[in-house]
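In what follows, every heavy atom counts, from backbone to side chain, and hydrogens, waters and symmetry copies are set aside. Remember, it's 1-based here, ligands and their atoms both numbered in the order they're listed.
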Amino acid sequence: MFADIIPALKARMPQPRGRLVANQSLAELTWFRVGGPAQVMFMPDGEEDLAYFLKNLPAEIPVTVIGLGSNLIVRDGGVPGVVIRLGRGFSDVTVEPGNRIRTGTGVPDVKVARTAQEASLDGLVFYRGIPGGIGGALRMNGGAYGRETKDALIEARGVDRQGNVRVYKNADMHYTYRHCGLPDDIIFTQALYQGTPGDPAAIAAAMDKVTESREATQPIKSRTGGSTFKNPPNSKAWQLIDAAGCRGLKVGDAQVSEMHCNFLINLGKATAADIENLGETVRRRVKETSGIELEWEIKRIGVAG
Ligand SMILES: Cc1cc2nc3c(=O)[nH]c(=O)nc-3n(C[C@H](O)[C@H](O)[C@H](O)COP(=O)(O)OP(=O)(O)OC[C@H]3O[C@@H](n4cnc5c(N)ncnc54)[C@H](O)[C@@H]3O)c2cc1C
């Protein structure tokens, strides 16, 4: 448990419209279902509210943003400072002239894929299989099946730590594989995508294929964080992990998935430390057997318990 700093925050900024909660448990907001609380959780009710909050938040208080928690390990000691989660005020998706889709960043990727399909727009089918939200997709350059966020994005809006709202063109995002080059403190609020006209039945069929392929190859019903490590240049992380003999390896109740060994899973009672230690054990073994240092794709936040 952290000290409750909400009264002190409210004294500095009497009017945030969103919700402030002290010691909000984060485990149930992540796919792994592990980790401690947020010292303060703030759910702004829109971009203006978010900007107001950040402008008035003392500079020494750290800020962390989370999306749908599908690429996240929250450490057991929780996250000091403010954790921001974008919900209702960021949930609009609209189709705009020029085959474009504008969406708030609280919207799940799958809903954007579905909206595009219903509007006969192709190009966002790959979002069908990614279980995160648009904020996470923008930050991670989320992608699958040969396409990634950078291939469809026109621009994103975001708020910086000082509360300034900015628009970032695709090139400003400095995207590389599962990485956005903008400073970590930018909180994305909105994205604008370019679709291409297509046949809605064909797009729907392509989306169904994505679902089938996921169910066959990934433990999507488990408590997991998706791909744990980035694929190193010219190799596949799962092959290196398999070759290092780590398939099925366990630390406590955390296990390297038998089905897809770049996925770690919480069998039920794992702690964040179990999962992170398992990941580090895998990295060490892969380094010993192949000489390659795997890089975490999953984001780890907070402090040890
Ligand atoms: C079963 C499964 C399958 C997956 N398959 C894929 C896949 O095929 N391709 C793929 O790319 N990923 C995949 N992932 C990983 C994950 O879904 C993506 O990385 C996703 O984009 C994360 O979005 P999220 O909303 O869950 O973000 P979170 O996990 O909550 O956060 C991830 C990162 O994004 C940042 N972030 C979140 N919201 C914002 C915001 N509004 N502004 C700024 N930063 C923000 C967080 O600070 C954090 O650094 C998979 C995960 C699972 C569990």
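- Looking at atom 31 (O) of ligand 1, its nearest protein heavy atom turns out to be Leu72 CD1, 4.0 Å.
- Atom CD of residue Gln255 and atom CD1 of residue Ile275 lie 12.0 Å apart, to the nearest 0.5 angstrom.
- Evaluated by nearest non-hydrogen atom to atom 9 (N) of ligand 1, the leading choice among Gly143, Ala144, Cys180, Gly225 is Gly143.
- Counting heavy atoms under 4.0 Å from ligand 1, residue Leu86 touches it through the side chain alone.
- Among the atoms of Arg178, some N or O lies under 3.5 angstrom from an N or O of ligand 1.
- Summary of contacts: the protein heavy atom closest to atom 32 (C) of ligand 1 is Asn71 CB, 4.0 Å.
- Between Glu276 and Arg75 a salt bridge is recorded (basic side-chain N to carboxylate O distance below 4.0 Å).
- Of the candidates Arg139, Arg214, Arg300, it is Arg214 that places a heavy atom closest to atom 8 (O) of ligand 1.
- By the 3.5 Å distance cut-off applied to N or O atoms, Gly133 is counted among the residues near ligand 1.
- Residues Glu297 and Lys230 are not paired through a salt bridge, judged by the lack of any N-O separation under 4.0 Å between the basic side chain and the carboxylate.
- Looking at atom 4 (C) of ligand 1, its nearest protein heavy atom turns out to be Pro131 CD, 3.5 Å.
- Taking each heavy atom of Gly81 and Gln39 in turn, the nearest pair found is N-OE1, 2.9 Å.
- Here the heavy atom of the protein found nearest to atom 26 (O) of ligand 1 is Ser70 OG, 2.6 Å.
- Under the 4.0 Å criterion applied to side-chain N and carboxylate O atoms, Arg300 and Glu280 are assigned as salt-bridge partners.
- In summary, the side chains of Ser213 and Tyr145 do present a donor paired with an acceptor at a separation below 3.5 Å, with no hydrogens or angles considered.
- Assignment of Glu148 to the shell around ligand 1 is not supported, since no heavy atom sits closer than 4.0 Å.
- Ligand 1 is never approached by Ile134 to a heavy-atom distance shorter than 4.0 Å.
- Here the protein heavy atom with the shortest distance to atom 28 (P) of ligand 1 is Gly69 N, 3.6 Å.
- Looking only at heavy atoms of the protein, atom 47 (O) of ligand 1 is closest to Val65 O, 2.6 Å.
- Of the protein's non-hydrogen atoms, Lys299 CG, 3.4 Å is the one closest to atom 49 (O) of ligand 1.
- Under the 3.5 Å distance criterion, the side-chain polar atoms of Asp109 are left unmatched by any main-chain donor or acceptor of Pro131.
- Closest to atom 27 (O) of ligand 1, if we only count protein heavy atoms, is Gly136 CA, 3.7 Å.
- Less than 4.0 angstrom separates some heavy atom of Ile220 from each of these atoms of ligand 1: 1 (C).
- The number of heavy atoms from other shown groups lying within 6.0 Å of NZ (Lys209) does not exceed 12.
- Backbone and side-chain nitrogen or oxygen atoms of Phe188 are examined, and one is located within less than 3.5 angstrom of a nitrogen or oxygen of ligand 1.
- For Asp45 and Arg17, the salt-bridge test passes: some basic side-chain N is under 4.0 Å from an acidic carboxylate O.
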